[in-house]
Amino acid sequence: MQVAIITGAGSGIGLGAAKKLSEAGMAIVGTGRDAGKLAAVEDELGGPERFAHVAVDLMEDAAPRQIVDCALERFGRVDFVVNNAGIGRPQPVHEASDEVLDHVLGLMLRAPFRLIREALPHMRAGSGIVNVTSTYAMIGGWRGGAYSAAKAGMAGLTEHLACQYGPQGIRSNAVAPGVIPTPMTEGRYENEIFQRMNTDMTPFPRLGEVEDVANVIAFLCSEGGAFLNGQTIAVDGGWSRTKYLSEYALTSTWSPERGSS
């Protein structure tokens, strides 16, 4: 039975990925800071024979060893590492303090780097790494700041891993979601400009869902994705391929008959 480590597995995209990979027959080692949420996921996914959880702050020095040791002790192997844990509500550079910068880079770049480093010696040919980045890693993003920097760093790390460890049969890819309604983005759609940035700039008639992203993660961990390496797949309904809209356009009312006002 293959084994996948998933960070941030207690809710949102991490939980969705845990469900999909469990359905594919994998055992899951899920991490998060809320032991209660992780225990509930364990019950949902078939108990301790199929799901092990590690309640830990990923930025703690001992966290990577603790997570990988759990996988080895409980299931004897590590096949996939899905780096998903993150925080939202980005700030532009001029608003971000050193504390915010250190926290964002620590959680979303340093912590994945260290977990991968710990897992690599135990991964064999046919295994893989999936880093959950963001469309803000691809285009910068309004108010992106440290968030964009961290996610872009993870994208660069993904490409390095693909080159360095691909010859050993270890694939590395990234999934770049658009804004997906999850607990992390809760409340942001109450902002009209945020709504328009996402709905008015997305050439698809609905919002993205957790399952959309989880399906791509599961594909990258399947035989169907066995020759994908060094790729970033944007799961955003086409948002990152549309043209930029100015602040004036975002705050104006427009119709074909009246033009902008």
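Because only heavy atoms are used, hydrogens play no part in the values below, and waters and symmetry mates are left out as well, while side chains stay in.
- Residue pairs meeting the salt bridge (Lys or Arg N to Asp or Glu O under 4.0 Å) criterion with at least one member in residues 96-112: none, sequence neighbours excluded.
- Inspection of the Thr158 and Asn131 side chains reveals an N or O donor paired with an N or O acceptor under 3.5 Å.
- Going from atom CD1 of Ile129 over to atom CZ of Phe80 covers 10.5 Å, rounded to the nearest 0.5 Å.
- Listed by chain and number, the residues in a side chain to side chain contact (heavy atoms under 4.5 Å, CB included) with Ala24 amount to none (sequence neighbours excluded).
- A distance of 10.0 Å separates CD1 in Ile5 from CD1 in Ile28, rounded to the nearest 0.5 Å.
- Sorted pairs that involve residues 167-177 and meet salt bridge (Lys or Arg N to Asp or Glu O under 4.0 Å), not counting sequence neighbours, are lacking altogether.
- At a threshold of 4.5 Å between non-hydrogen side-chain atoms, the residues Val68 and Leu115 count as touching.
- Residues Ser127 and Val78 fail the side-chain proximity criterion, which asks for heavy atoms closer than 4.5 Å.
- Counting only residues at least two apart or in different chains, salt bridge (Lys or Arg N to Asp or Glu O under 4.0 Å) contacts with residues 126-143 comprise Glu95-Arg143.
- The closest side-chain heavy-atom distance from Arg74 to Val3 is not below 4.5 Å.
- For Lys19, the side chain to side chain donor-acceptor pair (under 3.5 Å) partners at least two apart in sequence or on another chain are Glu44.
- Residues meeting the side chain to side chain donor-acceptor pair (under 3.5 Å) test with Arg124, sequence neighbours left out: none.
- Cluster partners of Leu101, by chain and number: Leu105. The rule joins Ile, Leu, Val, Met, Phe, Trp and Tyr whenever side-chain heavy atoms lie under 4.5 Å apart.
- With sequence neighbours excluded, the residues satisfying side chain to side chain contact (heavy atoms under 4.5 Å, CB included) with Gln231 are Asn173, Leu228.
- For the pair Val175/Val235, a side-chain contact is recorded, criterion being any heavy-atom separation below 4.5 Å from C-beta on.
- In terms of the side chain to side chain contact (heavy atoms under 4.5 Å, CB included) criterion, residue partners of Ile139 (sequence neighbours excluded) are, by chain and number, Trp239, Ser240.
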Could you go through residues 45-54 and list every donor-acceptor pair under 3.5 Å that involves a side-chain atom there, pairing it with any protein atom two or more places apart or in another chain?
residue	atom	partner	partner atom	Å
Arg50	NH2	Ser22	O	3.0
Arg50	NH2	Met26	O	3.0
His53	ND1	Glu42	OE1	3.1

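- Sorted by first and then second residue, the salt bridge (Lys or Arg N to Asp or Glu O under 4.0 Å) pairs with a member in residues 145-161 form an empty list; sequence neighbours excluded.
- Between Thr133 and Met138 the shortest side-chain heavy-atom distance does not fall below 4.5 Å.
- The closest side-chain heavy-atom distance from Ile67 to Cys70 is not below 4.5 Å.
- Side-chain contact between Glu60 and Asp57: present, with at least one pair of heavy atoms (C-beta onward) separated by less than 4.5 Å.
- Taking 4.5 Å as the limit, some side-chain heavy atom of Val29 sits within range of a side-chain heavy atom of Phe75.
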Cut-off 3.5 Å, no hydrogens considered: what does the side-chain donor-acceptor table look like for residues 212-223, sequence neighbours left out?
residue	atom	partner	partner atom	Å
Asp212	OD1	Arg206	NH2	3.1
Asp212	OD2	Arg206	NH1	2.9
Asp212	OD2	Arg206	NH2	3.4
Asp212	OD2	Glu209	N	2.8
Asn215	OD1	Lys20	NZ	3.2
Asn215	ND2	Glu211	O	3.1
Ser222	OG	Phe219	O	2.6
Ser222	OG	Gly224	N	3.2

